[in-house]
Amino acid sequence: MPEGHSIHRLAAAFSELSKLGIARASSPQGRFTEGAAALDNAKITRPWAWGKHLFLEFEVPQPATLHVHLGLYGSWKFQAGEGIALPGHIGAPRMPGEHPGDTYKHFSGQFQPAPPGENVRLRLEFSRAVADLSGPNQCELLDNAGVEKILARLGPDPLVDSCSSQDFIDRARKTSRRIGEVVMDQSFIAGPGNIYRAECLFRCGINPNRQAAKVSVKRLQALWEDLRSQMRRGLKEGLICTADDPSQGRFWVYQRSGEPCRRCGAIVREQIVAGRRSYWCPKCQK
DNA sequence: GTTTGATGTCGAC
DNA sequence: TCGACCTCAAACG
């Protein structure tokens, strides 16, 4: 369920874990036994993210990259010894752990991780930390060609510094689809999900049903910038919060259909766009 | 105890 | 557009 900011957060977590040396890999659930065996006793050399895809490059005889997509209900759970900076949990279900203020298991003295649950697809065990993956949409070992194939169908990621808005804007101006569909299409822009779509379209005053090609270049540029700044905020805080005043709630419109708009008081609406519930204010978003 | 639904994506009709 | 994927807390009874 996580959007792109969570995956970049995961890459940062694995960057910490990679400092702990080689990893023992296993598949307690048994559905990734071969892959785990190939990674066992190897070191993570480069963890990185693009959109909602996590890539962990391992130093094994043949260069191998673990590709993980959490999908709708995947998650990583971490346990770590004292002094190791890791979140407790990233992914579904929504619960404490992904947030910096939440407590997560720290072990003083001897590090003794809890045994993996039945549904753990992959456990990566380091000297004083453990990462458990469950419920991923995808968990596979790729060579470089396989990685390229995935990147080829992903658009620019606002959280990747080297990406610019150019491709996103060019393609949005050519498609016949609505902007609410375009923002959710990972080939147009990689990373945003249903919350950032609803929230940033609101913040930019764009109706999700508007034809993307009719949105001005200037406003598409503003949308890209807003997605980037809000996702950076989520990356930093470990929590999606797009409201200016969080004390009244984290969201402007997401999951607020039937309630008054926080800006103008009009009733927030809801409609399925690109297969997902979309929320917008009929007065603020034209 | 059972149903629902979720910050996702693909592939078959 | 719809179901499958595969997980689990929350909502419902």
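Below, chains carry the letters A, B, ... as their sequence lines are ordered, and counting in each starts from 1.
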Would you call [X] and [Y] a side-chain contact if the rule is heavy atoms closer than 4.5 Å?
| X | Y | answer |
| --- | --- | --- |
| I195(A) | F251(A) | yes |
| L39(A) | L141(A) | yes |
| C264(A) | C281(A) | yes |

Within this structure, what is the [atom1]-to-[atom2] distance between [X] and [N], rounded to whole angstrom?
| X | N | atom1 | atom2 | answer |
| --- | --- | --- | --- | --- |
| H89(A) | dC8(C) | NE2 | C1' | 10 Å |
| F251(A) | dA6(B) | CZ | P | 13 Å |
| F32(A) | dC5(C) | CZ | C1' | 17 Å |
| K77(A) | dA9(C) | NZ | P | 8 Å |
| I189(A) | dT9(B) | CD1 | C1' | 17 Å |
| N194(A) | dT9(B) | CG | P | 11 Å |
| L54(A) | dG8(B) | CG | C1' | 15 Å |
| L70(A) | dT9(B) | CG | P | 10 Å |

OP1 or OP2 of [N] sitting under 4.0 Å from any side-chain N/O of [X]?
| X | N | result |
| --- | --- | --- |
| H69(A) | dG8(B) | no |
| Q29(A) | dT7(C) | yes |
| N119(A) | dC8(C) | yes |
| R277(A) | dA6(B) | yes |

[N] versus [M] - spacing of their [atom1] atoms, nearest Å:
| N | M | atom1 | result |
| --- | --- | --- | --- |
| dT9(B) | dA9(C) | C1' | 22 Å |
| dC8(C) | dC10(B) | P | 23 Å |
| dT2(B) | dC6(C) | P | 22 Å |
| dG3(C) | dG5(B) | C1' | 15 Å |

Could you check whether [X] gets within reach of a base, just the sugar-phosphate, or nothing at all, counting any heavy atom under 4.0 Å?
| X | answer |
| --- | --- |
| R31(A) | sugar-phosphate |
| Y254(A) | sugar-phosphate |
| Q138(A) | nothing |

Practice item. Using the six-membered ring wherever Trp is involved, compare the ring planes of W48(A) and F55(A) and label them parallel, tilted or perpendicular (cut-offs 30° and 60°). Key: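 Aromatic pair W48(A)/F55(A) classed parallel.
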**Study point:** Per Q255(A) side chain, nearest of listed nucleotides dA6(B), dC6(C), dT9(B)
**Key:**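 The closest nucleotide is dA6(B).
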Practice item. Look at the side chain of Y73(A) against the base of dC6(C) and say whether a donor-acceptor pair falls under 3.5 Å; ignore hydrogens and angles. Key: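 Indeed, a donor on one side and an acceptor on the other fall under 3.5 Å apart.
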Exercise for review: Measure from NZ or CZ of R128(A) to the centre of the six-membered ring of F111(A) and say whether it is under 6.0 Å with the direction within 45° of the ring axis.
Suggested key: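 Judged by the rule (NZ or CZ under 6.0 Å from the ring centre, within 45° of its axis), R128(A) is not positioned above F111(A).
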Exercise for review: Within residues 143-157 of chain A, find the residues that approach DNA chain B with a heavy atom at under 4.0 Å, and present them sorted by residue number.
Suggested key: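 Those residues are R153(A).
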Short N-O contact, [X] and [Y], less than 4.0 angstrom:
| X | Y | result |
| --- | --- | --- |
| K43(A) | E59(A) | no |
| D244(A) | R203(A) | yes |
| K77(A) | D132(A) | no |

